[in-house]
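Below: the structure, in C-alpha cells.
Every chain is numbered from 1, with letters handed out A, B, ... down the list of sequences. This structure is a prediction, so every number in the text was calculated from the model and none was measured.
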Protein chains: 2
Amino acid sequence: MELGERKQRILTALIDVYVRTGEPVGSKVLVDMLDNAVSSATIRNEMAELAAMGYLEQPHTSAGRIPTAAAFRLYIDSLMDRRALSEDDRREIDTQLKRAAGDPEKLVEEASNVLAETTGCAAVTTTPSSYAADIRRIEVLRVSRYSAALLLMTGSGMLRTRVCRFDSDIENEALETLSRALNEYFCGSLLSDIGLPQVQSLVTALGAYGLVCAPALTTFYQLVQESAELEISLKGQLNLLHHPDYDPVRARDLLTFLAQRDMLTRLLTAVPKGLRVVIGSESKRPELDGSSIIVTRYKLGGRPDGSIGIIGPLRMDYAFEIPRIEYFARSIGRIMDEIIGLDKNNPDDEE
Amino acid sequence: MELGERKQRILTALIDVYVRTGEPVGSKVLVDMLDNAVSSATIRNEMAELAAMGYLEQPHTSAGRIPTAAAFRLYIDSLMDRRALSEDDRREIDTQLKRAAGDPEKLVEEASNVLAETTGCAAVTTTPSSYAADIRRIEVLRVSRYSAALLLMTGSGMLRTRVCRFDSDIENEALETLSRALNEYFCGSLLSDIGLPQVQSLVTALGAYGLVCAPALTTFYQLVQESAELEISLKGQLNLLHHPDYDPVRARDLLTFLAQRDMLTRLLTAVPKGLRVVIGSESKRPELDGSSIIVTRYKLGGRPDGSIGIIGPLRMDYAFEIPRIEYFARSIGRIMDEIIGLDKNNPDDEE
DNA sequence: GTTAGCACTCTGGCACCTCGAGTGCTAACA
DNA sequence: TGTTAGCACTCGAGGTGCCAGAGTGCTAAC
C-alpha cells in the first residue's frame, strides 16, 4: 500500500517532532511544521488514516499521536534523511579510538565505551571473531617450580595467557619439549579446528613427558576454547537507567534481559552483513518491546568480522545515530587493520 | 550511656524482626517476641526511650519503629549472635571458588560473582595488591615485522601483556637486547618503584637500539603502571535493582555512585585490617545513606592483601552475612596460597 | 477535497473522605 | 516506683469526585 506524498510528509514531520520531544504530537504542531499549507482538520483526517494503516497510535483519545514500530521501519527504510557526521565529530571519534589502539580487544572495548557515552544508549560489541583465527605461536613460561604459564598468540593479534599447575615439580626439559610439540602441532591451525582429540594425541607425542605434561594440555585446550569464544561487551547500561524514555522498572527489566549474554549473542550474530535495525516488537522478545537495536559489522582485513551497535529506546534519532554507528564500524576496521591487518600481508615469525 | 538489659532485649528482638520482614515493627509483635513478659504499653514506653536515645525512628506517627544506623552499629558491635555457616555452605563455597582457581585474578573475580549471587547484594573485590609485587620476568615476543608483545610476570602470580608498535621494522637483535636490558634492570624491582626516569634511563643503556626501542619502553612503562594499579571489580549490581529495599530510583543512584570507581577505591582501601562495616550515613556520603558495606581483607601469604565485601541495603542479616564474608576471605586466602603462596617460599626462575 | 466549529473524551492534579494501624498519654493499679 | 489498661489522636493508603486543558472526531459549509 503506497503512501500518498502528503501522508509521507506528515509522517516524517511527526516522527521528527516526536524524536525531538518524546511527547505525543498533535495536529496543530504539524500544521506549523508543514508551513501552514493545510489546516489542522486536514491533518487530523490524514492522521486518522495513518492510524488506521497502523503507522500511528494514541496513548489515549485526547492525546496526540505517536509513531508505531511500523512507522519507524518505514521511516528508516525510505523516509528519513540521513544526517552525516560533521568533520569534527569524525575527528573526535578517531582520536578517542586511537588512544586505545594497540590491541584489538582493547580497541573494541574502548569503542563500546565511547559509543555508549556519545549516544546515551547502551553499546554492544563483539571482539574480532577469533573463531577462525590461526595460531601464530605458543609460549610456555615457567612461573614456579611446578607451574607454568601458557601464552597463545593468534593471527588476529590476540594474546592470551593461562597458568597451569603440574602435579609435582617439573623439569625445564619437559617444558621445552612441551613448547616445541605444541608449536609444531598447532602453529597455523585454526582455533576452531582444535578439539580435545587433537590435544590428547599430544600425550603420546610427548613421550616420556606425556604424563607429567597432561595438566598443561588440559590448560592449553581450555585456553584455545576460551580464545575461540566470541566475547560480547555491553557498556553504558547506566545510560538506560537514566534515560527519560524508560521508567526505572522497564530499564531494570531490560538490563536483566541483556545480562543473559546468550540472548545478546543471538541478537548480534544474527546480523547478516550490512546494517541491521530491530525496532521494538520486531524482535519478538517481549523484553525488547519499546527498545531498538542498531547493529552493524566492522571489517577486519576487508572482511566483515565483529559487530558493534547500540540498544536504546524506540525513540532514537535514527537519521543521526545510524550514520554514527556506521562511522564507528569503519573507523574500527581501519584502525584494526593498521594494528594487525597489515601484518596479515607480511607474516613474519621468528620460528 | 549503658542500655538496660530489657532495652537490649527489646532492641535485639526488634532488629531481628525488622531484618526478617522489612516492615516497621509495632509494640504488639514485640510482646510476642518477648514471651508476653510485659505488656505492649511497657514496650511502648521503652521504645519511646530508645527512640529518644537515637536507636529507633518511625517513618510516621502511626507506624511501628525501625532501627537507626546507630542501632545496627550497637547490634553488630555487641548485641548480635553470630550465626556460623553450615558445613554444607562452606563446602559449597570452597568448591565454587576452586573451580576458578589457577590465576589469582580470576579467583577473586569468581569469588565476587559467587558472593553476589549468594547474598543477593552487590559484591566488591580488589585484586591482590600487586602494587608492592616484584617483577619476576619480562618477555619480549615478536608479533609482526614491526610490533612486539611485552609480557610481565610478577611475584604475586600476575601475568600481563601489552602490544607495542615500533616506528618501522625492527630487528631480532634489537628485541633481544631490549629483553636482556629490561630483565637486567627491572627483575626484582617492585612495581611501585618503577618510574618514568628509571625507564627512560634505559634508552642510553640500549646503545644503538635506544631510539628504535623507545616505543617499547613507553609500552613497558604503561604496562607497569597498569599492573600496579589496584583493580576493583563490582558484581551483582542487578541484584540491587531487584532488591525490595531499594526503590528503583535509589538503586539507580547508588549504582551511578558506585560506577565512579575512585569512590569505591577509597571505601575499600580505607579498611584497616579486620572487618569493617559501614552503616548508612556513617560513610558521610549521601549516596550511601540507606546502604551498608561489609568489607574484610583476605590474606596472601599470611599478610592482609586485597579486600572483599558486599554492598547492600541497611537491612541485612548481619549476624549471618558477616561470618559468610569472613569465610569467603579465609577461603580465598587459602586457595590463593595454594596457587602462588607456596611459590614465594621457593623462588625458582630459569634465568 | 478542504476547512471551521463544536461537542466529546481522556488525563493529571487536587481536595476530600474513610479505614486501619499504631502510637502517646493519663489514670489506676501492684 | 514501675506496670498496665484504655482512649483519643495521628498519619498513610486508597478510593471518589471534580475541574481544567489538550486534542480529537464529526458535521456542515465552502
Between C/dT23 (P) and B/Leu30 (CG): distance, integer Å
9 Å
What is the distance, to the nearest angstrom, from the CD atom on B/Glu46 to the P atom on C/dC25?
15 Å
Give a yes or no answer on whether the side chain of A/Thr68 reaches the backbone of A/Tyr55 with a donor-acceptor pair at less than 3.5 Å.
yes
Where each residue is assigned the nucleotide of DNA chain D containing its nearest heavy atom, which of B/Pro59 and B/Asn45 is assigned the position nearer the 5′ end?
B/Asn45
How long is the line joining CG of A/Leu56 and P of D/dT24, in whole Å?
11 Å
How many whole angstroms separate atom NZ of A/Lys28 from atom C1' of C/dG5?
13 Å
Assess the side chains of A/Ser40 and A/Arg44: does a donor N or O sit below 3.5 Å from an acceptor N or O?
yes
B/Tyr246 versus B/Ala251, closest heavy-atom pair with distance
CB-CB, 3.9 Å
Looking at B/Glu326 and B/Arg330, is any side-chain nitrogen of the basic one under 4.0 Å from a carboxylate oxygen of the acidic one?
no
Remember a base hit wins even if backbone is also touched, and classify B/Ser40 as base, sugar-phosphate or nothing at under 4.0 Å, heavy atoms.
nothing
Given A/Phe72, which partner from the list A/Val277, A/Asp77, A/Ile279, A/Leu79 fulfils the side chain to side chain contact (heavy atoms under 4.5 Å, CB included) test?
A/Ile279
For the base of D/dG25, is there a side-chain donor-acceptor partner from A/Arg65 under 3.5 Å away?
no
How many whole angstroms separate atom NZ of B/Lys7 from atom C1' of D/dT3?
14 Å
Does A/Arg6 place a side-chain N or O at less than 4.0 Å from the phosphate oxygens OP1/OP2 of C/dT2?
yes
Whole-Å distance between C/dG20 P and B/His60 NE2?
16 Å
Shortest non-hydrogen contact from B/Leu85 toward B/Pro323
CD1-C, 3.6 Å
Distance test, side-chain N/O of A/Ser39 to OP1/OP2 of C/dT3, below 4.0 Å
yes
What about B/Ser62, does its side chain sit under 3.5 Å from the base of D/dC11 through a donor-acceptor pair?
yes
Using whole Å, report how far CE of A/Met47 lies from C1' of C/dT3.
17 Å
The side chain of A/Thr61 is closest to which nucleotide in this list: C/dT3, C/dG24, C/dC10?
C/dC10
Under 3.5 Å: donor-acceptor pair, side chain of A/Asn239, backbone of A/Ala116
yes
Taken to the nearest whole Å, CZ/B/Arg44 to C1'/D/dT10 is 14 Å
Side-chain contact check for B/Gln58: nearest option of D/dG12, C/dT3, C/dT23 is C/dT23
Salt-bridged, B/Lys235 to B/Glu109, with N to O below 4.0 Å?
yes
Pick base, sugar-phosphate or nothing for A/Ala63, based on heavy-atom distances below 4.0 Å to the nucleic acid.
sugar-phosphate
Angle separating the five-pair end axes of the helix from C/dG1-D/dC30 to C/dA30-D/dT1, nearest 10°, is 20°
Are any of A/Thr42's side-chain N or O atoms less than 4.0 Å away from OP1 or OP2 of C/dT2?
no
